[in-house]
Structures are given as structure tokens and as C-alpha cells.
Amino acid sequence: MRVLYFSFLFLALTSCATKKYTKAKLIPEGIKSATKEVYDTSNNQKKLLHKKEMTFTRNGRIKYSKTSDSNGNLLQETEKKLWFTVERYPDKDPYYCKTRWKPNQRERISCYTKKQYKQNESIYHYNKNGSIDKIVDNFKTFNTSQFHYSNNELSKIVVTGKDLKIIDELSINCIETDEKGTCLKETRISNKTGKKQEILIFPRYD
């Protein structure tokens, strides 16, 4: 009976355990909150696309986030619960997202409306240091995003379809880091469309 109990407890804990956001995004420990701004910098212009404000738990996972557009209109809110994460939207039903740990450094993240109608599902593969190796869409596009690193920094994301043909390739460059190693300014360029983005991070530590 005791063996069954601990087996059930292990499965319950691992079913909701998630990789740390800080590890996945190569952010140092001790971050308390952060603001992320994404700009379109194509055609020599700089236009804010959206801003995301995040509050972290002590173990480096997102406790609460709020994403707004350039006019300050709410696009999404997320709130971490004990067994799942709630994603709230202004114009549709909330999503209830559950993470299940899988062998070989993988997570399956599934989101439902009313906790029963599946809306999306992705398999996240991680490297041994906790950074993202690849993300496989398991519900809609079935595309795979493969993450490449150089000197412990994200340098490229290659997106392929079910037929393994390359759909797009994003070249990524960290322009500025702080004293803790967080990338404060990052550029992304699509090799397919030529679109350029600039991502600014404003972290606040303990």
C-alpha cells in the first residue's frame, strides 16, 4: 500500500511539475519580476507590438503575467494555480493549461476550455541545462521549432513542417546583457520574410 501511495504521489507531482521559465529562457536565478517589450523594426521603423509584465515564483516559474497591445488593451492574463495555469482573454473563454512531465527531458502542455475541450497542445523538449531544445506543435500546425545556441545564448530558431522541410529560420542576436547575464536587448530576423523584431527585457531581482 505504501509503495502504491508513493507511486501515486510521484505521478501527481511530476504531472504538474514544469521546467523553470528562467532555465528555459536562460535567465539567472533571483529574478522577481520583469517586463518584456516586443517591437517590429522592419522598414527602419520601431513599432511596439505587445508588452508582457511577469511576476515570478521563488523557483523561477511565472506566477502571473499580463500582455497588452501597443494601446494598452489587454490581450492575455495568466495565473499559475496549484495543478494548472489559467489563461484569460478579453474576447473568448479562458484556457486551462496542464503540464505533464514525460521521459527524456520533455513536457506535454495541453490547454482546454472549460477544462474539457482541447484548444492546443505542444511537446517541449529540453536540454540538460533546462534550456529549450525544440517545441513540437501536437494539435494544429504540427510544426517543430528547433532552438540552437551559441556560447550559452539563443542564436537561431528553425521551424520545420511535418515533412521536415524548413518553413522559416529566425536569426537571433543578443545585443546587450546586464551584470547577471540576462539578455536585455535581442534582435530577431526572419530569413523568409525579412521581418525584424527587437525584444527588450527589464528585469527586477531580489
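Note that these values count all heavy atoms, side chains included, but never hydrogens, waters or copies made by symmetry. Positions are given from 1 along the sequence.
Contact of the Asn138 side chain with the Ser122 side chain is not registered, since no non-hydrogen atoms from C-beta on lie closer than 4.5 Å. Between Leu184 and Pro203, some side-chain heavy-atom pair lies under the 4.5 Å cut-off. The shortest distance between side-chain heavy atoms of Asn152 and Asn129 falls below 4.5 Å. At least one side-chain heavy atom of Gln146 sits under 4.5 Å from a side-chain heavy atom of Asp133. Taking 4.5 Å as the limit, every side-chain heavy atom of Ser110 sits out of range of all side-chain heavy atoms of Lys98. At a threshold of 4.5 Å between non-hydrogen side-chain atoms, the residues Arg188 and Leu154 count as touching.
The distance from the OG atom of Ser68 to the CD atom of Glu53 is 6.0 Å, given to the nearest 0.5 Å. The line from CD1 of Ile166 to CG of Asn191 is 9.0 Å long, rounded to the nearest 0.5 Å. Note that NZ of Lys23 and CG of Asn59 are 12.0 Å apart. Values are rounded to the nearest 0.5 Å. Note that CD of Gln197 is 9.5 Å distant from CD of Glu186, once rounded to the nearest 0.5 Å. Between atom CZ of residue Arg61 and atom OG1 of residue Thr22 there is a gap of 8.0 Å, rounded to the nearest 0.5 Å. Here the CG-CG distance, from Leu48 to Leu200, works out to 9.5 Å after rounding to the nearest 0.5 Å.
Within the structure, no pair that satisfies the salt bridge (Lys or Arg N to Asp or Glu O under 4.0 Å) test touches residues 150-176, not counting sequence neighbours. Residue pairs satisfying the salt bridge (Lys or Arg N to Asp or Glu O under 4.0 Å) criterion with at least one member in residues 32-46, sequence neighbours excluded, are listed as follows: Lys46-Glu198.
A donor-acceptor pair under 3.5 Å is formed between the side chain of Tyr149 and the backbone N or O of Ile132. Without hydrogens or angle criteria, Asn127 side chain to Gly130 main chain gives no donor-acceptor distance under 3.5 Å. Within the 3.5 Å criterion, the main-chain N or O of Lys196 finds a donor-acceptor partner in the side chain of Ser42.
In this structure, Asn43 has no side chain to side chain contact (heavy atoms under 4.5 Å, CB included) partners at least two apart in sequence or on a different chain. Ser155 meets the side chain to side chain contact (heavy atoms under 4.5 Å, CB included) test with His148, Ser150; sequence neighbours excluded. With sequence neighbours excluded, no residue satisfies side chain to side chain donor-acceptor pair (under 3.5 Å) with Asn173. Residues that satisfy the side chain to side chain donor-acceptor pair (under 3.5 Å) test with Glu77, not counting sequence neighbours, are Tyr64. Qualifying side chain to side chain donor-acceptor pair (under 3.5 Å) partners for Ser33, counting only residues two or more places apart in sequence or in other chains: Arg204. Remark: Thr55 engages no residue in a side chain to side chain donor-acceptor pair (under 3.5 Å) (not counting sequence neighbours).
For the residue pair Gln119 and Tyr117, no side-chain donor N or O sits within less than 3.5 Å of a side-chain acceptor on the partner. Thr160 and Thr144 form no side-chain donor-acceptor contact under 3.5 Å, judged by distance and modelled atom types alone.
No option in Arg106, Glu107, Lys134, Gln105 other than Glu107 meets the side-chain hydrogen bond (donor to acceptor under 3.5 Å, both in side chains) test with Tyr126.
Linking Ile, Leu, Val, Met, Phe, Trp and Tyr whenever their side-chain heavy atoms come within less than 4.5 Å puts Ile172 and Leu26 in one cluster.
Ile199 belongs to a hydrophobic cluster whose remaining members, ordered by chain and number, are Val38, Leu49, Ile201; membership requires side-chain heavy atoms of ILVMFWY residues under 4.5 Å apart, directly or through intermediates. Clustering of Ile, Leu, Val, Met, Phe, Trp and Tyr by side-chain heavy atoms under 4.5 Å joins Leu74 with none of the others. Its side chain within the 4.5 Å cluster rule, Ile123 clusters with Val136 among the Ile, Leu, Val, Met, Phe, Trp and Tyr residues. Taking a 4.5 Å side-chain heavy-atom cut-off between Ile, Leu, Val, Met, Phe, Trp and Tyr, the cluster of Tyr21 extends to Ile27, Ile31, Met54, Phe56, Ile62, Tyr205.
Scanning all heavy atoms of the two residues, the minimum distance from Thr78 to Gln76 falls at CG2-OE1, 3.5 Å.
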Subject >> CA sep, side-chain torsions, deciding dist, call: Leu75, Tyr89, side chain to side chain contact (heavy atoms under 4.5 Å, CB included) >> reply: CA-CA 6 Å; Leu75 297 177; Tyr89 303 88; over 6 Å; no

Step-by-step side chain to side chain contact (heavy atoms under 4.5 Å, CB included) determination, Tyr96 to Val86:
CA-CA 5 Å; Tyr96 301 88; Val86 183; 4.1 Å; yes

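Within 6.0 Å of the CG atom in Asp91, the count of heavy atoms belonging to other residues, nucleotides or ligands exceeds 12.
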